[in-house]
Amino acid sequence: MARILITSAIPYINGIKHLGNLVGSQLPADLYARYQRGRGNEVMFLCATDEHGTPAELAAAKAGKPVAEYCAEMWAVQAEIAKGFRLSFDHFGRSSSKQNHKLTQHLAGKLYEAGLIREVDDQQMYSKADGRFLPDRYVEGTCPNCGFESARGDQCDNCTKQLDPVDLINPRSTISGSTDLEMRPTKHLFLCQSKLKDQLEAWIDSKTDWPVLTTSIAKKWLNDGDGLQDRGITRDLDWGIPVKRGDEDWPGMEGKVFYVWFDAPIEYIACAAEWAEANGKTEADWQRWWRTDKGAGDVRYVQFMGKDNVPFHTLSFPATMIGSGEPWKMVDYIKSFNYLNYDGGQFSTSRGRGVFMDQALEILPADYWRWWLLSHAPESSDSEFTWENFQASVNKDLADVLGNFVSRVTKFCRSKFGEVVPEGGDYGDQEFALVAELEEKLEAYEAHMEAMEVRKAAAELRAIWVAGNEYLQAAAPWAAFKEDPDRAAAIVRLSLNLIRLYAVLSEPFIPDASATMLAAMNADGAGWPDSVGDALAVLEAGHGFSVPDVLFAKISDEDRESWQERFAGTRT
RNA sequence: GGCGGUGUAGCUCAGUUGGUUAGAGCAGCGGAAUCAUAAUCCGCGUGUCCGGGGUUCAAGUCCCUGCACCGCCA
């Protein structure tokens, strides 16, 4: 039994994510986790909220709540929505956990001991009214270049000229509006990624099976311009993990916290420690997933993320791991995704454009979204969500091809033989041909799932569903029944078994419908099929079943139009 | 401004290391069937593979260049 560690990029705590975020990491990660569990492998699937940084503080202030309280609430909201989408995390953690505090400080200490941390003196805009340093983009003022009055500290949105906060005329804080600002000296820690460039490059070069998208992005950052740059890992904020070297204070770093990009990926590991605590497990139980000296040697670690996250996962986080000098489990495979666009533009959290996860669940069950999003996952290029396409795909694939198959088979059986698997008749050429065809398609399906070729796996699964309809159409039990009821019984018996098999194979994509199908077939604990022939003999003559409700109701034109209208603007 | 991505049938997209008549699903058209959520099944695709050069015996697939759209960065 293989052991597979799976992490999804961790969503930022600030607000509810949209469907583009979902399909870029959590959803395909869940698909893979469910598939691997279905195959009987041992899986550890982790995700968490990314809680630190200025945006979280500001969102909390806007909500009129202490930041810790705000984060706790938003974590609960995100956890509930994740549950709604049936994301099967073994643990949904928080980057603000005490485990992450401890581990982040520990790793910083190790990096310091290895001589990979240097102190840098800097100047930063300080707002007396806010009592804090302001990140560049939280300073606004008049652009010295074009006179635009709302230019940000890092760039003028009007003339696009890059700026420094000190260049702005009449600078003010976007947090309080205060103009009582001044440049103050401050000191920050930098991670010397440049010293690790060769090791990182060698490591990336060893990953010959990675997608081009992933390696090309990593290579670009590694070699572009002056090469890999050292990065600041601290900030002058209150909310975050206090800067320490292990348990010891860090002289000169009082009152500072680690920069969110540094502690966020470390949460992947800390999350496993949180999982252990939440489930009464020991330190050894989680370390066997993360420490190669403590049992993680045979673990295969796969990460899922959007392309914007690739640099952090191919360079920054590995730099932390390698630089620590400790035997942490490094990622084996990175599955990255492009962007999903919404109706001709992009999904946008900040502008509230598109469909958000909570809204999606309000209008349709999770399986509809899971199926469409996964079967249209932006793997090789950006892809596009349109309501017309969504309606057409879901109606055709889920309602017509799969749902209707279940419906026609169970209802035909009920009317001719009752709600019990009928006996009599033998399997003939048509059945043998179907089994052979399904063996072939199953093999292809498994190969695509193993390779995380999401769209191809979805297409293959759909072809498996279609094969059932083709068979039924050719075997025509409704015609056979008139001349040879036993023959019809054999066809129906096989078809009922097909429903059970479909439930097993479809579970990673549409877990709720899968459960409904299994319940209707009065079957449970179904394992992944070793052979299609055997799998189609599980339900024997005499086995009772029931006709399920319509598996997938169709999306009407009226529904589509009303949603189109509802989601045409921006979320308020 | 720099960098990167994309541009293939009406729509959403596949097209591996360049190699025979460029593919899938949907939509559309025709037919079969009537068990079923009017669902299913079968048959039907000449599209300047964005334009222009070039390399090659051979390019959607490599190189140069132009255009369009989209991102990212400073």
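Hydrogens, waters and symmetry mates play no part in the numbers below; they use all other heavy atoms, side chains included. Naming: A, B, ... by sequence-line order, numbering from 1 per chain. These figures come from a predicted structure and were not determined experimentally.
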Close N or O pairs between protein and nucleotides 7-12 of chain B (under 3.5 Å):
| unit_1 | atom_1 | unit_2 | atom_2 | d |
| --- | --- | --- | --- | --- |
| B/U12 | O4' | A/N389 | ND2 | 3.2 |

So does A/V538 get a backbone contact from the side chain of A/N497, meaning a donor-acceptor N/O pair under 3.5 Å?
yes
When you compare B/G30 with B/G66, how far apart are their C1' atoms, in angstrom units rounded to a whole number?
45 Å
Taken to the nearest whole Å, CD/A/E453 to P/B/U16 is 12 Å
Once you round it to whole Å, what is the distance between P of B/U16 and CD of A/E379?
15 Å
State the pairing partner of B/A36; accept Watson-Crick or G-U wobble contacts with both distances under 3.5 Å, and report none otherwise.
none
Using purine N1 to pyrimidine N3 plus N6-O4 or O6-N4 for Watson-Crick, or N1-O2 and O6-N3 for G-U wobble, both under 3.5 Å, which nucleotide pairs with B/U61?
none
For A/I555 and B/C26, give me the distance from atom CD1 to atom P, rounded to whole Å.
17 Å
Counting only Watson-Crick pairs (N1-N3 plus N6-O4 or O6-N4) and G-U wobbles (N1-O2, O6-N3), all under 3.5 Å, who is the partner of B/U12?
B/A24
For A/I169, check side chain to side chain contact (heavy atoms under 4.5 Å, CB included) against everything at least two apart and list the hits.
A/T142, A/P144
Between B/A74 and B/U12, how far apart are the P atoms? Round to whole Å, please.
33 Å
What integer number of Å spans the C1' atoms of B/G19 and B/A33?
44 Å
Starting at the 5' end of nucleotides 32-42 of chain B, put B wherever the base has a protein heavy atom under 4.0 Å, S where only the sugar-phosphate does, and a dash everywhere else.
-SSBBB-SBSS
Does the gap between the ring centers of A/Y342 and A/F385 come in under 6.0 Å?
yes
Side chains of A/N389 and A/S393: do they bring a donor and an acceptor to under 3.5 Å?
yes
Do we get A/K335 above A/F337's six-membered ring, with its NZ or CZ under 6.0 Å from the centre and within 45° of the axis?
yes
Just how far, in rounded Å, is C1' of B/C69 from CG of A/N338?
15 Å
Taking atom C1' in both B/G51 and B/G7, what distance in whole Å separates the two?
11 Å
Residue pair A/Y471 / A/E431, side-chain donor-acceptor N/O under 3.5 Å:
yes
Tell me the interatomic distance from A/R231, atom CZ, to B/C73, atom P, rounded to whole angstroms.
10 Å
May I have the distance from A/M305 (atom CE) to B/C72 (atom P), rounded to whole angstrom?
18 Å
Taking the six-membered ring for Trp, are A/W387 and A/F567 ring centroids under 6.0 Å apart?
yes
Residue that, paired with A/L27, satisfies side chain to side chain contact (heavy atoms under 4.5 Å, CB included) out of A/L19, A/V454, A/L374:
A/L374
Using the C1' atoms only, state how far B/U61 lies from B/G18, rounded to an integer number of Å.
6 Å
Roughly how many Å apart are B/U17 and B/G1, using the P atom of each and rounding to a whole number?
34 Å
Base-pairing mate for B/C3 - Watson-Crick or G-U, with both contacts under 3.5 Å
B/G71
For nucleotides B/U21 and B/G5, find the distance between their P atoms and express it as a whole number of Å.
30 Å
Taking a pair to mean Watson-Crick or G-U wobble geometry with both distances below 3.5 Å, B/U55 pairs with none
When rounded to the nearest Å, what value does the distance between P atoms of B/C49 and B/A22 take?
11 Å
Using Watson-Crick geometry (N1-N3 plus N6-O4 or O6-N4) or G-U wobble (N1-O2, O6-N3), each under 3.5 Å, B/G30 is paired with B/C42
A/R500 (side chain) donor-acceptor with A/A535 (main chain) under 3.5 angstrom
yes
Under 3.5 Å, is there a donor on one side chain and an acceptor on the other for A/Q26 and A/N21?
no
